[in-house]
2 protein chains.
Amino acid sequence: MTYQSISKPKHRQFGKDEQLVDIYRIQSQALLAAHEFLDKEKIVQMMPIMLSPITDPLNHEVYEASIEYLGQRLQLTKSMILHKQIAIAKLDVRGIYIISPNVRLEKGIKTDRHLLEFSQLDIEVRDITGDTFRELMESLMIHIFSCVKRHCSRECEKIGVEIHTPDRPFNVYSSKKLRKQYGRDFEAIISRKESNLFWITDFDREFYDREDPNNRGSYKNYDLYYPEGYGEALSGGERDFEYPVLLRKILERGQDPNDFAPYLELAKAEQLRPSAGGGMGIERLVRFLTKRNHIRETTLFPRVPEEPISL
Amino acid sequence: MTYQSISKPKHRQFGKDEQLVDIYRIQSQALLAAHEFLDKEKIVQMMPIMLSPITDPLNHEVYEASIEYLGQRLQLTKSMILHKQIAIAKLDVRGIYIISPNVRLEKGIKTDRHLLEFSQLDIEVRDITGDTFRELMESLMIHIFSCVKRHCSRECEKIGVEIHTPDRPFNVYSSKKLRKQYGRDFEAIISRKESNLFWITDFDREFYDREDPNNRGSYKNYDLYYPEGYGEALSGGERDFEYPVLLRKILERGQDPNDFAPYLELAKAEQLRPSAGGGMGIERLVRFLTKRNHIRETTLFPRVPEEPISL
């Protein structure tokens, strides 16, 4: 069964801002659906924080974004990963989620799906495997797509797109096999080939994603992808939480443990816990739902790498 | 009828983080209720932006919080006021809302209701009066309180609070009369006296709040307050939108028009429109619902003025 065929816009008379209203309506419905789904799943919402001595190191280099407050250097949030891992350990709750701006001042990355700042729906659930988390995310995506299809038929018609709810099961591929088959551009190639949402597992990347303790060099993480070339939807994994493992992996990646001091102190005191989670880019979700060529078309205030910011 | 009496916590055996779970559950319900209400009102959600050449000047001084990106100076968002006024003018929509982190590096303000960063629910509706916006906000508050009361009875019992839905009509006071009656601390004094949510109108403050063109020195703005000394809940107003008026008011306040250049250009091109709106602090809402002494008790990651940030 095909997942979704790209429909050509039917109403070319609409100006950019006129289409944006429909895009924002679709975004509103998608977010409302996500809130309702997570509430039913007893996953509670936390507010984002934007300034902290620690943040996601990412697995690629970006320009520094930090400020000083009363002699303390504070990083702008690149993602809420470390804070959600801490929260999930401190709170007696099944899971938490946060919708937060992520600031990533990209260096030399200029694609149709990158913004310097974007909003991420970050979810973390305690004491579950990555497989279980992936099932939860499949249900979430199906719920979001169904709600948008049901409540936004007029908006979809106006901007000329048709929503198809994803089919289960989602295909699952290993990054290592795909790399052998397609080379280093495997993500883009397979995203263009597929017609339904699909997973790629087992990436060697940030220190916090769990390495299989019985099979070093193998990772219990995953990315969810959109088909038709739209690329990454969600990135996540089970988490490492034991101090010696985290310290070793930070050093292996050439990073400075001091950059994560308060987080590592909690790990050392055995106050972190097993969890799995992931983060989904809101603008990328909206871009896929509304079939925009460039992610800048999903917002009135796009921050595009290497372009001046006008407003 | 009394609005709400402060109930003493019944379960002193709960530790801080144990109570936080219930506080976060109440926060989740309050936010879900807000999303549902605004969706029914056809007010659409936009994502926040954290970096821009322009931001809210505020009506008090804070430490500078900005970064440089490719030679451009970008302010961290103090509020989304200017962007929501621009959005409401560009989009053919009844209204918009944004939940955004606001960064305000306070200088010398250290109370039980200030954080250096907090989340604000910012709403702006086109072509309506402040009176109509205030009615809408009363309905929103009643909906939020009712939903929390209905869905969080167990959490409220555990932390020892009882939710009472506000009574309509909310009292309305003029800031000028209150100041005559109570002196400069009139806000704190009347917030302690009242037992229901109430409004204070007519403040001389930021340039964007509308000055009555027929009665200069009188302002079509308003703040919503919690009773029992909990202070400000929401701050808003009708907006000025005409270039000569905005320019005059910026200069009267000793501010630099260059700091608002792209916004003023839109005003000069007559691309801004009449609107009214307001911003509600999420942590202050949660503090009132859960009757915490200090706003820091509403979050795992409090950023308290003049305190180092540990996580």
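Proteins come first, then strands; the chains are lettered A, B, ... in the order of their sequence lines, and each starts at number 1. As the structure is a computational prediction, the values presented were derived from the model and not from experiment.
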Check whether [X] gets within reach of chain B through its side chain, its backbone, both or neither, counting any heavy atom under 4.5 Å.
X       : value
A:Leu82 : neither
A:Leu70 : side chain
A:Leu51 : both
A:Leu31 : side chain
A:Ile96 : neither

Portion of B:Leu38 that has a non-hydrogen atom of chain A nearer than 4.5 angstrom:
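For B:Leu38, neither part sits under 4.5 Å from chain A.
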Output the donor-acceptor atom pairs between chain A and chain B under 3.5 Å, with atom names and distances to 0.1 Å.
residue  : atom : partner  : partner atom : Å
A:Gln27  : NE2  : B:Gln45  : O            : 3.1
A:Ser28  : OG   : B:Gln45  : N            : 2.6
A:Gln29  : NE2  : B:Asp39  : OD1          : 2.8
A:His35  : NE2  : B:His35  : NE2          : 2.9
A:Asp39  : OD1  : B:Gln29  : NE2          : 2.8
A:Gln45  : N    : B:Ser28  : OG           : 2.6
A:Gln45  : O    : B:Gln27  : NE2          : 3.1
A:Met50  : N    : B:Glu117 : OE1          : 2.6
A:Met50  : N    : B:Glu117 : OE2          : 3.3
A:Leu51  : N    : B:Glu117 : OE2          : 2.9
A:Leu51  : O    : B:Arg303 : NE           : 3.2
A:Leu51  : O    : B:Arg303 : NH2          : 2.8
A:Tyr69  : OH   : B:Glu306 : N            : 2.9
A:Gln72  : OE1  : B:Ile309 : N            : 2.9
A:Gln72  : NE2  : B:Ile309 : O            : 2.6
A:Glu117 : OE1  : B:Met50  : N            : 2.6
A:Glu117 : OE2  : B:Met50  : N            : 3.3
A:Glu117 : OE2  : B:Leu51  : N            : 2.9
A:Arg303 : NE   : B:Leu51  : O            : 3.2
A:Arg303 : NH2  : B:Leu51  : O            : 2.8
A:Glu306 : N    : B:Tyr69  : OH           : 2.9
A:Ile309 : N    : B:Gln72  : OE1          : 2.9
A:Ile309 : O    : B:Gln72  : NE2          : 2.6

State the [atom1]-[atom2] distance between [X] and [Y], to the nearest 0.5 angstrom.
X        : Y       : atom1 : atom2 : value
A:Phe118 : B:Ile49 : CZ    : CD1   : 15.0 Å
B:Leu311 : A:Ile86 : CG    : CD1   : 4.5 Å
B:Phe301 : A:Met46 : CZ    : CE    : 4.5 Å
B:Leu20  : A:Leu91 : CG    : CG    : 6.0 Å

Do you know which of B:Ile99, B:Leu76, B:Leu266 has the most heavy-atom pairs with chain A at a distance under 4.5 angstrom?
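Going by pairs under 4.5 Å, I would pick B:Leu76.
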Assess the residue pair A:Leu74 and B:Ile309 against the criterion (side chain to side chain contact (heavy atoms under 4.5 Å, CB included)); give the C-alpha distance rounded to whole Å, side-chain angles, the decisive distance to 0.1 Å, and a yes or no.
CA-CA 9 Å; A:Leu74 300 170; B:Ile309 294 174; 3.7 Å; yes
Between A:Val286, A:Ile282, A:Leu116, A:Val103, which has the largest tally of heavy atom pairs under 4.5 Å with chain B?
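That would be A:Leu116.
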Check B:Ile67 against A:Ala65 and note the closest heavy-atom contact, atom names and distance.
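Scanning both residues completely, I find the closest heavy atoms to be CD1-CB, 4.3 Å.
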